[in-house]
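Lettering of chains follows the sequences in order, A, B, ..., and the numbering in each one begins at 1.
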There are 2 protein chains.
Amino acid sequence: MPEKMEHDSTHLRLSEVNEALDSGMFVHVKRMLYQTPPCDIALLLESSPPACRKVLWRLTDSEMQGEILDELNEDAKTSILKMMDTESLVAATEGLDTDDLANILRSLPDSIYQEVITQMDTQDRQRLETAMAYPEDTAGSIMDTDTITLRPDVTVDVILRYIRLRGELPEATDTLYVVDKDDRLIGDVPLAMLLTTDPNSVIRTIMDREAETLPANMDTSEIAKLFERHDWISAPVIDDSGKLLGRITIDDVVDIIRENAEHDMMGMAGMDDDEDTFAPVMQSTKRRTLWLGVNLIAALTAASVSNMFEATLEQLATLAILMTIVPSMGGIAGNQTLALVIRGMAVGHINDDNSRWLIGKEAMVGALNGAIWAISIAIIVSLWKGDPSLGLIIGGAMFINMAMGGLAGVVIPLAMKKYNIDPALAGGMALTTVTDVVGLFAFLGMATLVYG
Amino acid sequence: MPEKMEHDSTHLRLSEVNEALDSGMFVHVKRMLYQTPPCDIALLLESSPPACRKVLWRLTDSEMQGEILDELNEDAKTSILKMMDTESLVAATEGLDTDDLANILRSLPDSIYQEVITQMDTQDRQRLETAMAYPEDTAGSIMDTDTITLRPDVTVDVILRYIRLRGELPEATDTLYVVDKDDRLIGDVPLAMLLTTDPNSVIRTIMDREAETLPANMDTSEIAKLFERHDWISAPVIDDSGKLLGRITIDDVVDIIRENAEHDMMGMAGMDDDEDTFAPVMQSTKRRTLWLGVNLIAALTAASVSNMFEATLEQLATLAILMTIVPSMGGIAGNQTLALVIRGMAVGHINDDNSRWLIGKEAMVGALNGAIWAISIAIIVSLWKGDPSLGLIIGGAMFINMAMGGLAGVVIPLAMKKYNIDPALAGGMALTTVTDVVGLFAFLGMATLVYG
């Protein structure tokens with residue numbers, strides 16, 4: 001099975017490469033690297049600690065370096081670009097597609113970027129500057145300008161002969177675009193149709209006039225949703241006047257889908273989705289320290305709530321032992337809701353029409369689960385500490401806090417979205433602060449009323 | 001801009017639909033639904049609370065219902081399948097691709113499944129049983145059996161004429177497969193090559209013999225990685241003997257990529273990624289309650305640690321106030337690492353060769369950030385509570401716990417993977433338990449030594 005080999009090959013190679021590097025067999029590694037496709041070398045580089053990554057990069061085929069750079073994730077790419085001088089950068093990026101080239105150049109510091117583009121020929125520079133003119137994360141920035149366009153008044157046969165003469169099609173071409181004399185998109189013709197239709201048909205009569213188009217300033221996450229929903233392979237990008245600018249292909253969209261999903265997952269843990277798995281220690285430390293500082297403030301806020309009940313805590317140490325349970329349960333209940341809402345927002349399920357229903361539902365789910373576990377903890381604490389009123393207090397506090405968790409789990413991300421704050425990043429911390437404060441207030445407050 | 005309309009249409013429609021339903025304009029809604037593509041109706045259903053969903057489903061075109069069902073997420077699909085009788089199920093699923101049909105039937109209870117397949121004709125039943133023979137989440141279960149195959153000894157011209165005669169190509173066809181007389185895959189020919197090559201060429205001379213193949217039992221998440229890495233549009237599926245069984249297309253892979261990423265994100269919050277955003281209250285409550293119970297046990301474990309230090313807590317209530325800070329910081333530091341490792345595992349960065357380096361690195365990052373925030377909290381507590389030795393104690397405990405968090409954030413998911421436990425689901429809880437226990441032990445233990 002050829003696949004089996006392919007599938008395990010990276011693992012095999014990484015250990016082989018490590019061994020070979022350890023024993024100084026650079027020529028052997030170099031030969032192996034020359035036979036490995038760029039996407040696999042990119043994975044190998046991403047999976048290598050910094051020192052090993054440096055050596056590997058030096059041994060790669062310089063003609064492949066542009067493609068490898070394009071396949072790398074943001075952080076690994078930056079770490080490698082830092083090692084390269086301008087000259088090798090220019091050499092490496094020659095012959096790349098505009099969108100791939102723009103993707104690499106965006107990661108460069110301004111001064112080096114200027115140097116690189118002055119060393120390019122005029123035509124390449126112009127194409128590049130068009131692509132770079134669109135803000136990152138818009139259709140314009142990821143589109144490929146290499147597109148085959150047709151005029152509506154020719155026949156299929158003419159097109160077929162033209163393609164054969166041309167000798168090749170741009171990558172992932174599944175559709176050709178029909179434009180008028182001002183380059184405005186007026187329809188499209190799938191490749192499959194060229195193959196199945198009568199060669200004498202005129203393009204105008206067979207083209208799809210209702211072709212879906214993407215405006216150049218459309219956000220990439222919207223584009224990803226459209227591709228996902230409609231099972232597209234490619235889609236045309238147009239400007240405000242309807243002029244065809246280029247096309248976006250599914251392979252770029254797959255990267256966006258992966259990145260957006262990673263962003264939510266990493267963001268909820270207080271991480272930057274750009275962070276390289278094998279980044280150097282100092283870089284990772286710096287990236288994460290701010291978030292830990294924010295959490296320290298949140299933890300101190302919770303501590304200052306318990307501080308208000310110092311007198312009660314002095315009287316009854318058991319309260320100190322139990323007081324972490326209520327915030328913990330509220331936090332988990334709220335986080336379950338938060339994850340559901342963040343995913344719902346990402347896939348486009350949640351809007352003004354149904355958010356009220358959702359708030360009610362999630363508060364109810366929190367309250368119901370709150371009731372179940374409130375009763376359990378009331379019984380456990382009554383038996384453990386031999387104090388039924390303490391059991392009632394902790395049960396009551398847990399019920400309140402879990403209902404609050406469910407409610408806050410919807411309201412916080414909805415409110416954040418309204419103010420353009422990323423709920424995946426800030427939602428969890430805000431939520432935990434709410435459930436910590438409410439949980440401690442409810443538990444220690446009721447205890448103070450009873451025992452104080 | 002036609003796109004603009006398309007993009008906002010679902011939102012528009014949901015509010016329109018709600019209004020129309022509220023005022024009983026069922027005919028109007030029905031007409032709107034008939035003009036809406038299945039993928040948009042699926043999104044509309046997913047975005048609707050249960051009562052509204054039920055009404056909407058009754059109003060959809062029965063001929064579209066199969067396609068709509070296929071587009072729905074797991075939980076919403078199940079909720080709708082429950083409303084349908086066997087007869088309408090058979091009618092709805094007629095004419096679907098085998099993989100789509102299998103996908104729907106997998107969600108049915110066994111008894112109804114049996115009823116549905118007995119009502120199908122023999123050929124359909126056979127095709128279906130082939131697809132259902134492969135376990136869920138393998139190449140065999142998501143492959144499409146509708147594939148065009150060629151023999152190696154014909155010319156391009158013959159193939160072109162055959163395609164024109166056939167009149168259409170299976171969806172997302174970018175490559176035709178070349179098989180020998182025993183149906184074994186021996187090469188492939190991209191559509192683009194048929195269009196660009198000399199029509200008199202014999203297939204054997206132009207086909208790619210090194211075509212990548214997927215074995216039928218290959219895991220779908222491995223398949224997703226290969227598609228992502230190699231920018232494939234489709235890939236052939238073969239059995240153990242190399243026989244071509246079908247092909248997998250990028251649109252199915254996009255769903256897998258999305259689902260896997262969601263699984264990690266939702267799993268880390270203790271959620272099932274199948275959970276429908278608008279599931280009924282009781283269903284959501286039931287789904288989430290177990291995880292909350294597991295957390296209650298974890299919280300009680302932490303409480304039983306503080307219980308061991310009851311005597312010290314009785315002496316000094318300030319300890320109770322501060323004791324939540326250390327576990328919180330360790331938990332966040334550990335969770336940052338955990339998210340990085342879970343993503344790294346998902347994209348295939350982490351293996352036996354580099355995991356030791358990663359353990360060292362993450363423990364170091366935890367320790368460095370631990371040192372930074374330990375010094376800060378030591379100063380804050382010394383000033384707040386006017387007790388420098390208490391500052392030293394909390395700082396020391398925080399340093400220990402954050403280094404432990406970094407270490408446990410790598411070691412726990414690596415160990416879980418070894419024992420086939422899903423780290424995205426169980427990792428967070430295990431990690432928090434470790435950082436809670438270590439944090440409380442370190443803080444209250446040192447405090448007991450000094451003040452006890």
Note to self: If the threshold is 4.0 Å, N to carboxylate O, is there a salt bridge linking B/Arg229 and A/Asp40?
What the structure shows: yes
Cut-off 4.5 Å, heavy atoms of chain B, and the answer for A/Asp436 is neither
When every non-hydrogen atom of B/Gly270 is compared with those of B/Trp291, the smallest separation belongs to CA-NE1, 3.1 Å
Turns out that what part of A/Thr312 lies under 4.5 Å from chain B's heavy atoms comes down to neither
Looking only at A/Ala339, A/Gly167, A/Ala303, A/Gly344, the option with the highest number of non-hydrogen pairs under 4.5 Å against chain B is A/Ala303
If one checks every heavy atom of A/Ala279 against chain B at 4.5 Å, the contacting part turns out to be both
Residue from A/Cys39, A/Ala261, A/Ala424 scoring the most non-hydrogen pairs under 4.5 Å with chain B is A/Cys39
When you look at A/Asp353 and A/Trp357, which way does the side chain to side chain contact (heavy atoms under 4.5 Å, CB included) test go after all the steps? CA-CA 8 Å; A/Asp353 295 316; A/Trp357 190 90; over 6 Å; no
The interface call for B/Ala192 against chain A, heavy-atom contacts under 4.5 Å, is both
Is the closest side-chain heavy-atom distance between A/Leu214 and A/Leu226 below 4.5 Å?
yes
Please determine whether side chain to side chain contact (heavy atoms under 4.5 Å, CB included) holds for the pair B/Phe278 and B/Glu46, giving the CA-CA distance in whole Å, both sets of side-chain angles, and the decisive distance to 0.1 Å. CA-CA 7 Å; B/Phe278 294 93; B/Glu46 285 174 4; over 6 Å; no
Whatever's closer than 4.5 Å to a heavy atom in chain B on A/Ile250 counts as side chain
When the 4.5 angstrom heavy-atom criterion is applied to B/Val347 and chain A, the contacting part is both
Scored by heavy-atom pairs under 4.5 Å with chain A, the best of B/Thr337, B/Thr173, B/Asn295, B/Leu316 is B/Asn295
Among B/Leu322, B/Leu338, B/Leu300, the residue with the most heavy-atom pairs under 4.5 Å to chain A is B/Leu300
Honestly, the part of B/Glu71 sitting under 4.5 Å from a heavy atom of chain A is side chain
Most contact-rich option vs chain A, by heavy-atom pairs under 4.5 angstrom, among B/Asn335, B/Val254, B/Leu292, is B/Leu292
If one checks every heavy atom of A/Ile163 against chain B at 4.5 Å, the contacting part turns out to be both
The interface call for B/Glu210 against chain A, heavy-atom contacts under 4.5 Å, is neither
Turns out that what part of A/Asn307 lies under 4.5 Å from chain B's heavy atoms comes down to both
Under 4.5 Å to a heavy atom of chain B? For A/Ala333 that would be both
Greatest number of non-hydrogen atom pairs under 4.5 angstrom with chain A, of B/Asp198, B/Leu440, B/Thr249, B/Leu169, falls to B/Leu169
Scored by heavy-atom pairs under 4.5 Å with chain A, the best of B/Pro190, B/Pro327, B/Pro280, B/Ser328 is B/Ser328
When every non-hydrogen atom of B/Ala298 is compared with those of B/Met429, the smallest separation belongs to CB-SD, 4.2 Å
Turns out that what part of A/Ile372 lies under 4.5 Å from chain B's heavy atoms comes down to side chain
Counting heavy-atom pairs under 4.5 Å with chain B, the top scorer among A/Leu340, A/Thr197, A/Ile342 is A/Leu340
Checklist entry - Taking side chain as C-beta onward, heavy atoms only, is B/Asn260 less than 4.5 Å from B/Asp273? => result no
>> Between A/Glu222 and A/Lys225 (salt bridge meaning N to carboxylate O under 4.0 Å), is one present in this structure?
In response: yes
OG1 of B/Thr289 to CG of B/Leu296, rounded to nearest 0.5 Å, is 10.0 Å
Applying a strict 4.5 Å limit to non-hydrogen atoms, the region of A/Ile332 in contact with chain B is both
Cut-off 4.5 Å, heavy atoms of chain A, and the answer for B/Asp276 is backbone
- Count the heavy atoms belonging to other residues, nucleotides or ligands that lie under 6.0 Å from CD of A/Glu310, then report whether that count exceeds 12. yes
Under 4.5 Å to a heavy atom of chain B? For A/Met398 that would be side chain
The interface call for A/Met268 against chain B, heavy-atom contacts under 4.5 Å, is side chain
Looking only at B/Leu313, B/Ile233, B/Asp231, the option with the highest number of non-hydrogen pairs under 4.5 Å against chain A is B/Asp231
Honestly, the part of A/Thr318 sitting under 4.5 Å from a heavy atom of chain B is both
- Check the side chains of A/His349 and B/Ser47 for a donor-acceptor pair under 3.5 angstrom, ignoring hydrogens and angles. no
Under 3.5 Å, is there a donor on one side chain and an acceptor on the other for B/Glu168 and A/Thr196?
no
Worksheet item: Hey, what's the ring geometry for B/Phe227 with B/Trp232, parallel, tilted or perpendicular (30° and 60° as the breaks)?
Response: perpendicular
Is the backbone of A/Asp255 close enough, under 3.5 Å, to the side chain of B/Glu228 for a donor and an acceptor to pair up by distance?
no
Between the NZ atom in B/Lys361 and the CG atom in B/Asn354, the distance rounded to the nearest 0.5 Å is 11.0 Å
If one checks every heavy atom of A/Thr324 against chain B at 4.5 Å, the contacting part turns out to be side chain
Given the options A/Arg288, A/Met265, A/Glu262, A/Met271 meets side chain to side chain contact (heavy atoms under 4.5 Å, CB included) only with A/Arg288
Per-residue tally against chain B (heavy atom, under 4.5 Å) across A/Val341, A/Ile257, A/Leu195 peaks at A/Leu195
If one checks every heavy atom of A/Glu275 against chain B at 4.5 Å, the contacting part turns out to be both
Heavy atoms of B/Ser284 and A/Val365 approach each other most closely as CB-CG2, 3.8 Å
When the 4.5 angstrom heavy-atom criterion is applied to B/Met193 and chain A, the contacting part is neither
